[in-house]
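Read through the structure below, which is laid out as structure tokens, and then see the notes.
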Amino acid sequence: MSARKRRSISYARIYSIIRRIPRGRVATYGQVARLAGIPGHARQVGYALHALTDGSPVPWHRVVNARGGVSRRATPGAELEQRLRLEAEGVRFDARAQVPLARFQWKTGRRGLRRARPLR
DNA sequence: GCAATGACGCTCT
DNA sequence: CAGAGCGCCATTG
């Protein structure tokens, strides 16, 4: 069989997925990667997001890590901004500063969520 | 055209 | 439970 064609993953593709995250919901990096057609490449999603600039139409704040937490960023305070933006949309954080994915993770059609299991 | 630059996720020790 | 290692790749100057 032919080798699996690795679609070139452009950041633009990732951004377009993130743009579809509904308000009041969050998606994980890994989830976005799967939806973008690159399962297992959550990191690329993180890279893409970092390359993002202010004023982007991309709701970057709706992307959280696999634990529902906000990833550490280079600019302190930005993490807080992300949290505030989410809370403003109705997303709540638990005592561990994490979003209960069971409640707020964006549920896509069938490809997206299949991995709703306890994280470690 | 090359080198540097990053916002993760999972497994194993 | 915590820490460390590994895989992975597009975009920019």
Side-chain angles (χ1 to χ4, degrees):
Chain A
M1 300 264 281
S2 54
R4 202 174 283 281
K5 212 184 233 140
R6 197 170 320 204
R7 191 180 295 280
S8 196
I9 303 136
S10 76
Y11 286 178
R13 166 95 72 210
I14 293 172
Y15 299 148
S16 84
I17 295 295
I18 297 174
R19 277 217 262 327
R20 296 178 188 136
I21 303 174
R23 189 169 162 293
R25 286 269 143 101
V26 299
T28 65
Y29 291 92
Q31 183 184 358
V32 172
R34 282 196 295 278
L35 294 173
I38 52 171
H41 294 226
R43 202 160 197 186
Q44 306 323 319
V45 175
Y47 294 158
L49 281 174
H50 191 232
L52 211 44
T53 57
D54 289 338
S56 282
V58 181
W60 55 270
H61 58 278
R62 296 187 188 134
V63 183
V64 296
N65 64 34
R67 290 176 273 178
V70 175
S71 293
R72 263 270 195 80
R73 296 177 350 59
T75 310
E79 299 170 20
L80 178 61
E81 185 187 338
Q82 180 168 5
R83 174 167 178 165
L84 292 177
R85 284 185 176 225
L86 287 175
E87 292 183 322
E89 298 185 347
V91 175
R92 315 225 209 188
F93 285 72
D94 61 22
R96 295 176 307 177
Q98 296 181 162
V99 176
L101 296 180
R103 284 181 51 182
F104 300 105
Q105 183 168 39
W106 176 33
K107 279 140 180 169
T108 63
R110 284 201 283 221
R111 279 178 327 204
L113 256 192
R114 52 169 115 281
R115 208 159 296 220
R117 59 173 87 205
L119 305 144
R120 248 184 187 252

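Residue numbers start from 1 in every chain, and the chains themselves are labelled A, B, ... in the order their sequence lines are given, proteins ahead of strands. These figures come from a predicted structure and were not determined experimentally.
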Tabulated below should be each protein N or O lying under 3.5 Å from an N or O of nucleotides 11-13 of chain C; please produce it.
| from | atom 1 | to | atom 2 | distance (Å) |
| --- | --- | --- | --- | --- |
| dT11(C) | OP1 | Y11(A) | N | 3.2 |

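Smallest separation of non-hydrogen atoms from A27(A) and V32(A): CB-CG2, 4.0 Å.
Going from atom CZ of R43(A) over to atom C1' of dG5(C) covers 11 Å, rounded to whole Å. If you measure from atom NE2 of H50(A) to atom C1' of dC8(B), you get 14 Å, rounded to the nearest angstrom. Computed from coordinates, the R13(A) CZ to dC8(C) C1' distance equals 18 Å when rounded to whole Å. Whole-Å rounding puts the E79(A) CD to dC8(B) C1' distance at 14 Å. If you measure from atom CD1 of I17(A) to atom P of dA10(C), you get 16 Å, rounded to the nearest angstrom. Taking atom CZ on R72(A) and atom P on dG9(B), their separation rounds to 15 Å, with Å as the unit. Between L52(A) atom CG and dC8(B) atom C1' the separation is 16 Å, expressed in whole Å. Distance CD1 (I38(A)) to P (dC8(B)): 14 Å, rounded to an integer number of Å.
Without hydrogens or angle criteria, Q98(A) side chain to G69(A) main chain gives no donor-acceptor distance under 3.5 Å. Without hydrogens or angle criteria, Y15(A) side chain to A48(A) main chain gives a donor-acceptor distance under 3.5 Å.
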Let's go through E81(A) and R85(A) carefully: what are the C-alpha distance in whole Å and the side-chain angles of both, what is the deciding distance for salt bridge (Lys or Arg N to Asp or Glu O under 4.0 Å) to 0.1 Å, and is it a yes or a no?
CA-CA 6 Å; E81(A) 185 187 338; R85(A) 284 185 176 225; 3.0 Å; yes

Side chain to side chain contact (heavy atoms under 4.5 Å, CB included) between F104(A) and L86(A), intermediate numbers included:
CA-CA 10 Å; F104(A) 300 105; L86(A) 287 175; over 6 Å; no

Apply side chain to side chain contact (heavy atoms under 4.5 Å, CB included) to the pair E89(A) and H61(A), showing each step before the final yes or no.
CA-CA 11 Å; E89(A) 298 185 347; H61(A) 58 278; 3.0 Å; yes

Let me see the working for T108(A) and Q31(A) under side chain to side chain contact (heavy atoms under 4.5 Å, CB included), right down to the final yes or no.
CA-CA 10 Å; T108(A) 63; Q31(A) 183 184 358; 3.8 Å; yes

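Closest contact between the side chain of H41(A) and the listed nucleotides dC9(C), dC8(B), dG6(B) involves dC9(C). The side chain of Y47(A) sits closest to dG6(B) out of dG6(B), dG7(C), dG9(B).
Of the two residues near DNA chain B, Q44(A) and V64(A), the one whose nearest nucleotide lies more 5' is Q44(A).
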